[in-house]
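Here is how names work: the chains are called A, B, and so on, in the same order as the sequence lines, proteins then strands, and each is numbered from 1. Because the structure is a prediction, the values reported are computed rather than measured.
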Amino acid sequence: MPKLIDFPLIFTNIPRLLKALPVTLEITFFAMIFGLILGLLLAVIKINKIPVLSQVSAVFVSFIRGTPLLVQLYISYYAVPILLKYINYYNHTNFNVNAVPALLFVLIAFSLNEAAYNSENIRAALLSVDRGEIEAAQSLGMTKWQVLKRVTIPNATVVALPTLGNAFIGLMKNTSLAFVASVVDMTAQGQILAGSNYRYFEVYLSLAIIYWIMTIITEQILKLLEKRLTIFQKATQVVAPASTRRFWFSQRLEAPVHDQHSTSHEAVQSPNRI
Amino acid sequence: MINIQHLTKQFNHQTVFEDLNLQIDTGEVVGIIGPSGAGKSTLLRCLNLLETPDAGSIQINDQKFVAPKISDRDKIKFRQETSMVFQQFNLFRQKTVLGNVTEGLITVQKRSKAEAETIARAQIEAVGLTDRIDYYPQQLSGGQKQRVGIARSLAMQPNILLLDEPTSALDTELVDEVLTTIQQVVETQKNLTVIIISHELSFIRDVATRIVVFDVGGIVEQGTPTEIFTTPKKERTKQFLQRYQRQALTS
């Protein structure tokens, strides 16, 4: 009887599976970046209650959140070819539907899914930004875009980072669904591998280990990023002791007339520090 | 020069002030006093267009705004004439003291980082915070935060400085350091027009060249500090000053 579990095989599988890692990473990063951009756009539309667009985005977000990712992948897989056929028919063009890489369907589905979820996270983060800071930036004469870039987004990023980080980890694992659109990512590679040696258990354990390690690495990177972004919060409060404040104050105002204890007379001689 | 004519502002159909007229010359230090909720801060925010008036006009030097419509570009030009110091400091919490002061210089005035830092360091020194230049706002006391706010505003080299109750969020013992800083600004920058809202009436009396008394609906009366504090004409002003004196004695 063959061994129930071939432990060495679990580890020898890993390099073979890692050959498909670039595809997994490509889907993850592209979908996250596009999802962030579109998510920000949707959030801004919703916050500013832009007529028509606001309603369209609400329906879009509701649809994406209300349907399984797998179904969205299938819709993308079948909808894009139909769309191309439609374009060909009405515009007399000759796009080859079969030449469209399968990866495109996956990227579209994942990106839209990510955008819908991210838009809610981003919206909540944008709304949490201190109104006072925004007003300070406006009063300095910043344009709307400058306020967004210099104040709103940096502040919102700190708030949104943990949830966006979780979304990124979730997305990375969800890429395993890409095989339904004939994209050979790590999971699909595993299936191919298991199909050739029938060691399904070992292959899926190898895959689980890879995803687990990738998640741990991502968590560590996110921790570092969070630490860096929140450095201003970690700074310990150091307020000048009262005695120092009095000394400073005595230098500037009280010393000339009232303060008998002040040893500094600089303030009398050079009051115009401003 | 500021020329406010027939200015009206409402919130949810409730009038804050109506048909308000006020002219302020360059270099004047105008103290606005009055009970809370009278619309003093709203007037200041209208001057910076953080609030958009419903009717009337505001002219600041060559810039004129006729309510209620203004393009974003004109709004920004208008804001560059003024600079505001806020009650709650409103510092950029992710930036150090230096970062707070250079932000406007780099982003709005498009100065080089080196030039912005030179200007900022001078302003920070002027408010006595050189030793806190790399601190974040949360590491500062309330008084220090407000002095950073003043440095940030002055670094922009505005024609008009708007101070919206700069000491009201501070503990009593921290009020003096901010008032000293403001007093020095007023004494040294003669061409700077300053409008200050404060409940520190003794300070206002010392520092202002003109006092405007505000109450719900608009201006009650205005005059020199001596006129307002010793011989107020309007009954409402007398009531306000008496109540303030009673509160001051009680406290």
Side-chain angles (χ1 to χ4, degrees), chain A residues 129-159 228-256 258-259 264 266-267 270-274, chain B residues 45 48-50 72-73 75-84 86 88-96 100 103-105 107-109 123 125-128 131-132 135-144 149-150 152-154 156 162 173-174 176-177 179-181 183-185 187-189:
Chain A
V129 176
D130 178 23
R131 183 80 209 147
E133 281 193 48
I134 294 172
E135 285 191 347
Q138 287 172 335
S139 78
L140 288 174
M142 286 192 200
T143 62
K144 278 181 184 170
W145 169 243
Q146 284 170 335
V147 174
L148 193 69
K149 190 178 150 200
R150 304 293 302 173
V151 178
T152 314
I153 290 178
N155 275 303
T157 305
V158 175
V159 178
R228 196 180 158 84
L229 285 175
T230 56
I231 194 164
F232 67 95
Q233 286 175 340
K234 303 281 190 305
T236 45
Q237 190 156 4
V238 185
V239 175
S243 56
T244 317
R245 286 205 300 270
R246 276 199 297 275
F247 174 69
W248 177 83
F249 181 64
S250 66
Q251 273 188 316
R252 295 170 60 83
L253 184 72
E254 296 291 339
H258 307 291
D259 196 347
S264 170
E266 279 176 29
S270 57
N272 297 340
R273 296 174 69 188
I274 291 173
Chain B
R45 290 167 65 82
N48 206 325
L49 293 182
L50 287 174
D72 283 348
R73 185 187 283 186
K75 198 182 263 187
I76 285 156
K77 269 197 215 164
F78 205 80
R79 280 182 181 150
Q80 285 168 5
E81 292 282 332
T82 61
S83 210
M84 188 133 169
F86 296 87
Q88 297 293 339
F89 327 124
N90 294 1
L91 298 183
F92 304 124
R93 65 187 183 131
Q94 291 194 12
K95 295 187 190 299
T96 60
N100 264 278
E103 184 61 43
L105 296 168
T107 311
V108 179
Q109 296 186 354
Q123 288 300 341
E125 191 190 351
V127 296
D131 59 336
R132 298 282 184 271
Y135 280 38
Y136 288 96
Q138 76 153 20
Q139 294 173 282
L140 303 174
S141 69
Q144 289 169 337
I150 293 168
R152 179 174 68 180
S153 293
L154 290 175
M156 298 299 285
L162 308 170
E173 61 174 23
L174 299 177
D176 286 337
E177 67 180 70
L179 295 183
T180 312
T181 307
Q183 194 161 18
Q184 294 203 344
V185 170
E187 283 169 5
T188 53
Q189 304 208 8

Trainee: Of all heavy-atom pairs between A/Val129 and A/Ala156, which one has the smallest distance, and what is that distance?
Mentor: CG2-N, 3.8 Å

Trainee: Against chain A, label B/Leu49 side chain, backbone, both or neither, depending on which of its atoms sit under 4.5 Å from a heavy atom there.
Mentor: neither

Trainee: Does any heavy atom of chain A fall under 4.5 Å from the side chain of B/Arg73, the backbone, both, or neither of them?
Mentor: neither

Trainee: To the nearest 0.5 Å, how far apart are CG in A/Leu140 and CD1 in B/Ile76?
Mentor: 11.5 Å

Trainee: Which residues pass the side chain to side chain contact (heavy atoms under 4.5 Å, CB included) test with A/Pro154, not counting sequence neighbours?
Mentor: B/Gln94

Trainee: Relative to chain B, which of A/Ile231, A/Thr143, A/Val158, A/Asn155 shows the most heavy atom pairs under 4.5 Å?
Mentor: A/Asn155

Trainee: Taking side chain as everything from C-beta outward and backbone as N, CA, C, O, which of these in B/Thr82 sits under 4.5 Å from a heavy atom of chain A? Side chain, backbone, both or neither.
Mentor: backbone

Trainee: Between CZ of B/Arg45 and CZ of B/Phe86, what distance do you get to the nearest 0.5 Å?
Mentor: 7.0 Å

Trainee: Donor-acceptor pair, B/Thr107 side chain versus B/Gly104 backbone, under 3.5 Å?
Mentor: no

Trainee: Pull out the residues in residues 145-153 of chain A that come under 4.5 Å of chain B, heavy atom to heavy atom, sorted by number.
Mentor: A/Gln146, A/Arg150, A/Val151

Trainee: Using non-hydrogen atoms only, which part of B/Lys95 is less than 4.5 Å away from chain A: side chain, backbone, both, or neither?
Mentor: side chain

Trainee: Let's go through A/Asp130 and B/Arg93 carefully: what are the C-alpha distance in whole Å and the side-chain angles of both, what is the deciding distance for salt bridge (Lys or Arg N to Asp or Glu O under 4.0 Å) to 0.1 Å, and is it a yes or a no?
Mentor: CA-CA 10 Å; A/Asp130 178 23; B/Arg93 65 187 183 131; over 6 Å; no

Trainee: Can you find a pair of side-chain heavy atoms, one from B/Arg152 and one from B/Asn90, that are under 4.5 Å apart?
Mentor: yes

Trainee: Is it true that a side-chain atom of B/Arg79 and a backbone atom of B/Asn48 form a donor plus acceptor pair closer than 3.5 Å?
Mentor: yes

Trainee: Identify which of B/Met84, B/Gln80, B/Gln88, B/Glu103 forms the greatest number of heavy-atom pairs closer than 4.5 Å to chain A.
Mentor: B/Glu103

Trainee: Hey, are the side chains of B/Leu140 and B/Phe89 touching, using non-hydrogen atoms and a 4.5 Å cut-off?
Mentor: no

Trainee: Report which part of B/Phe92 has an atom under 4.5 Å of a heavy atom belonging to chain A: side chain, backbone, both, or neither.
Mentor: both

Trainee: Look up atom OG in B/Ser141 and atom OH in B/Tyr135, then write down how far apart they are to the nearest 0.5 Å.
Mentor: 11.5 Å

Trainee: If you tally heavy-atom pairs under 4.5 Å against chain A, which of B/Leu162, B/Leu105, B/Leu91 wins?
Mentor: B/Leu91

